[in-house]
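As the structure is a computational prediction, the values presented were derived from the model and not from experiment. Here is how names work: the chains are called A, B, and so on, in the same order as the sequence lines, proteins then strands, and each is numbered from 1.
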Protein chains: 2
Amino acid sequence: MNTTIDRALVQKLPLFVRAGDAGTEAILATAVSRRYGAGAKVFDQGQAADQFFILLHGCLRVSQTTSTGQPIIVRIVNPGELFGIAKALRRTDYPGTATAVSESIALAWPMVAWDGLFERHAALAVTAMQTIGGQLQQAHARIRELATENVERRVAHTVLRLVSQLGKPEAGGTRIDFPVSKQDIAELSGTTLHTVSRVLTAWEGHGLVQGGRQKLLVRDLARLQQISDGIL
Amino acid sequence: MNTTIDRALVQKLPLFVRAGDAGTEAILATAVSRRYGAGAKVFDQGQAADQFFILLHGCLRVSQTTSTGQPIIVRIVNPGELFGIAKALRRTDYPGTATAVSESIALAWPMVAWDGLFERHAALAVTAMQTIGGQLQQAHARIRELATENVERRVAHTVLRLVSQLGKPEAGGTRIDFPVSKQDIAELSGTTLHTVSRVLTAWEGHGLVQGGRQKLLVRDLARLQQISDGIL
DNA sequence: CGCTGTATTGACAACGTTCAACGGTTGTGG
DNA sequence: CCACAACCGTTGAACGTTGTCAATACAGCG
């Protein structure tokens with residue numbers, strides 16, 4: 001699974017731009033490159049956190065399972081973002097399970113290198129901060145939605161967030177170009193797949209979206225925005 | 001409102017323990033101490049973020065108001081925690097409103113000093129990281145609750161969290177020793193004050209808690225735990 | 001071709017919000 | 001010192017949204 005590090009992929013990332021050439025080499029010295037096929041797990045919830053990662057290519061889904069067994073999706077990881085940084089949360093185990101949604105490549109460092117790297121390279125500290133900061137803002141947005149909005153608005157928000165993170169323009173709309181099941185949307189929205197199904201069929205009737213098995217094409221972004229803002 | 005910095009309050013905080021004596025002096029050089037009476041606002045949602053803070057003494061409540069005007073409480077700030085660190089979230093304005101719940105003292109730095117302090121003092125970076133990391137974990141816990149649990153469990157979680165952050169042991173139970181209105185609990189739990197009232201009266205009937213005007217005494221922590229875990 | 005995972009749909013029950021009215025406490029001004 | 005207003009909390013009833021249960025359909029895959 002280990003391969004040589006692809007410099008072309010690395011050089012574009014904000015982290016390494018910030019670090020400069022010398023810094024980049026120093027940071028990469030202790031890293032290994034890993035490849036994960038679609039569906040492969042990078043780490044499991046509860047497992048000892050002995051590595052941290054940055055995603056170079058592809059897309060991951062981080063989910064947690066509650067004590068009652070109900071799963072929720074915590075985060076979608078995009079290229080350039082750090083993940084598995086349990087140490088930043090003062091944890092020794094991973095709080096969630098990371099699964100590759102599509103074919104992915106990540107750099108991995110041993111967690112013992114964390115403190116040293118963090119202190120020596122401000123660029124890493126800044127990137128880690130921004131990753132966590134971004135997550136925190138998304139988390140607060142979700143809390144606001146879950147606490148104050150009805151299902152339809154929440155689903156609209158979820159779809160819009162997916163579009164902005166993973167959307168690809170296409171004739172007649174924007175496609176979410178990786179397998180999203182209704183179950184996924186339900187877990188992101190805090191509802192059940194049944195209700196999601198109902199909402200989406202209603203939207204489809206009005207020509208807002210076009211669904212399919214693990215597929216979704218958004219036809220009318222503006223209208224979706226209005227729904228998510230509570231105007232409709 | 002400015003006063004001299006109380007070293008006794010400062011020295012105990014993890015941030016300054018980590019920074020050492022020399023580091024502490026350097027960090028404090030650009031800080032001013034501020035006092036806020038109960039109910040006073042430290043900053044307002046949307047206001048330009050020109051300062052960041054660490055709470056020395058007292059207790060703050062950070063809340064956000066949604067576009068529809070419904071408020072939710074985002075965070076309770078305890079002594080030793082950083083707050084108003086908009087820069088870490090890559091924002092130029094404060095995302096919420098910070099209000100002193102009880103008489104409070106905070107240190108304030110101009111936001112322009114952020115980058116310099118952050119790079120020069122790893123202790124500050126670590127503390128900031130831990131503050132945000134802790135918030136992120138709490139946020140994820142709340143998301144899990146809101147997405148999967150019924151109102152009673154959520155209220156139980158909220159009360160337990162309040163107890164662990166602000167509880168004072170007392171004859172016959174643990175008191176939350178600052179004014180908590182049912183409205184506050186409702187906003188933290190993502191429900192309405194009516195429902196909170198019903199839940200608490202039911203609990204009171206079973207001897208779990210004892211309520212009062214803006215007061216709450218928890219009599220049976222273990223049982224509350226069980227409710228929050230879904231055992232009851 | 002049957003199996004498994006995913007999706008659709010209807011009927012129904014329940015939980016929680018909304019609406020409305022009322023009771024009690026605190027603080028204020030005459 | 002009392003009357004009054006403002007605020008906080010309680011409670012009942014009705015309504016609506018959403019989850020639950022159940023049956024069915026369909027696609028992909030061995």
Are side-chain N/O atoms of [X] and [Y] paired as donor and acceptor at under 3.5 Å?
{"X": "A:Gln137", "Y": "B:Arg90", "answer": "no"}
{"X": "B:Thr158", "Y": "B:Ser189", "answer": "yes"}
{"X": "B:Gln51", "Y": "B:Arg34", "answer": "yes"}
{"X": "B:Gln64", "Y": "B:Arg75", "answer": "no"}
{"X": "A:Glu149", "Y": "A:His157", "answer": "yes"}

Which class fits the ring pair B:Phe53 and B:Tyr94: parallel under 30°, tilted 30 to 60°, perpendicular over 60°? tilted
Along nucleotides 7-18 of chain C, 5' to 3', which nucleotides get a B, which get an S, and which get a -, given that the test is a protein heavy-atom distance under 4.0 Å? SSBBB----SBB
Specify the closest pair of heavy atoms between A:Ala38 and A:Val101, including all atoms of both residues, with the distance to one decimal. CB-O, 3.6 Å
Which nucleotide span of DNA chain D, 5' end to 3' end, has atoms closer than 4.0 Å to non-hydrogen atoms of chain B?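 On DNA chain D, the outermost contacted nucleotides are D:dC7 to D:dA13.
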